[in-house]
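First up is the structure itself, then whatever we jot down about it.
Just so it is clear, the structure is predicted and the values come from calculations on it, not from any experiment.
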Amino acid sequence: MTPQERAEKSAKAMWSNDEASQWIGLHLEDTNEGTAIVSLDVEKHHCNGHGMCHGGIIFALADSAFAFACNSRNQATVAQNNAITYILPGQLGDHLTAKATEVSLSGRNGIYDVFIFNQSNQLIATFRGHSRAIKGQLFQE
């Protein structure tokens with residue numbers, strides 16, 4: 001199995017059980033070894049009292065992209081620590097895209113950067129995730 005095939009099969013297995021991402025309205029656009037792209041069309045129910053996309057929704061978008069990237073090798077992996085910096089607000093009607101990339105993988109620990117852009121390619125937020133591999137796989141190999 002190639003790394004791309006493993007990443008796609010891992011993502012398919014994760015997505016089938018990921019009720020939260022599906023409920024929020026996220027879309028898994030692409031995945032490869034150590035990378036993932038997840039998107040969201042900002043709707044009214046994603047907006048806060050200021051009329052902009054809720055920060056928790058943007059965090060969830062970034063966290064899901066991070067999760068698909070760090071689980072792309074069919075090794076069960078969870079978040080150890082995550083941090084986000086909001087740069088611009090997401091707006092109602094925006095199409096947000098989170099692009100996750102592996103920065104480092106050493107033993108059971110990984111570091112991933114996620115950049116969230118709107119449809120105009122403006123940077124909305126940056127996210128850094130630290131992962132920890134645990135026992136188990138997403139599918140039987």
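- Not one N or O on the side chain of H130 forms a donor-acceptor pair closer than 3.5 Å with the backbone of A83.
- The backbone N or O of N74 sits nowhere less than 3.5 Å from a side-chain atom of N71 that would complete a donor-acceptor pair.
- In this structure, L92 shares a hydrophobic cluster with no other residue, the cluster being traced through Ile, Leu, Val, Met, Phe, Trp and Tyr side chains under 4.5 angstrom apart.
- Defined by atom type and a distance below 3.5 Å, a donor-acceptor pair is missing between the side-chain atoms of R128 and N82.
- In this structure, S104 contributes its side chain and I111 its backbone to no donor-acceptor pair below 3.5 Å.
- With sequence neighbours left out, F115 forms a ring pair (Phe, Tyr, Trp, His ring centres under 6.0 Å) with no residue at all.
- Cluster membership for V103 and I84, using ILVMFWY side-chain heavy atoms within less than 4.5 angstrom, is not shared.
- Transitive grouping of hydrophobic side chains (ILVMFWY, heavy atoms separated by less than 4.5 Å) brings M14 and Y112 into a common cluster.
- If you take CD1 on I58 and CD1 on I87, they are separated by 10.5 Å, rounding to the nearest 0.5 Å.
- Using a distance-only test at 3.5 Å, with no hydrogens or angles considered, a donor-acceptor pair links the side chain of Q75 to the main chain of I134.
- Distance alone, capped at 3.5 Å, places no donor-acceptor pair between the S106 side chain and the G110 backbone.
- Summarising the geometry, atom OG1 belonging to T97 is positioned 11.5 Å from atom CG belonging to D30; distances are rounded to the nearest 0.5 Å.
- When only modelled atom types and interatomic distance are considered, S21 and S64 share a side-chain donor-acceptor pair under 3.5 Å.
- Listed here is the closest heavy atom pair of Q91 and P89: NE2-CG, 3.4 Å.
- Hydrophobic cluster membership differs between V114 and V78, with clusters built from Ile, Leu, Val, Met, Phe, Trp and Tyr side chains linked at under 4.5 angstrom.
- Closest approach of V38 and L26 over heavy atoms only: CG1-CB, 3.9 Å.
- A donor-acceptor pair under 3.5 Å is formed between the side chain of Q119 and the backbone N or O of H95.
- Taking a cutoff of 4.0 Å between a charged side-chain nitrogen and a carboxylate oxygen, E141 and K9 do not qualify as a salt bridge.
- The closest donor-acceptor contact from the side chain of S72 to the backbone of A7 lies at 3.5 Å or more, if one exists at all.
- Nearest heavy atoms, S10 versus R73: OG-C, 4.2 Å.
- Formation of a donor-acceptor pair under 3.5 Å by the Q22 side chain with backbone atoms of W15 is found in this model.
- The closest donor-acceptor contact from the side chain of Q4 to the backbone of T31 lies under 3.5 Å.
- Criterion: ILVMFWY side-chain heavy atoms under 4.5 Å apart, direct or through other members. Under it, L28 and L96 are part of a common hydrophobic cluster.
- Distance check: N118 CG to C53 SG gives 11.0 Å after rounding to the nearest 0.5 Å.
- The distance from atom CG of N32 to atom CD of E5, rounded to the nearest 0.5 Å, is 11.0 Å.
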side-chain contact (heavy atoms from CB on, under 4.5 Å) evaluation trace for I24 with H46
CA-CA 8 Å; I24 291 168; H46 296 126; 4.1 Å; yes
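- A pairwise comparison of heavy atoms in Y86 and G55 identifies OH-O, 2.8 Å as the closest pair.
- Ring planes of F127 and F66: tilted class, angle from 30 to 60°.
- For NE2 of H50, the number of neighbouring non-hydrogen atoms (other residues, nucleotides, ligands) closer than 6.0 Å is 12 at most.
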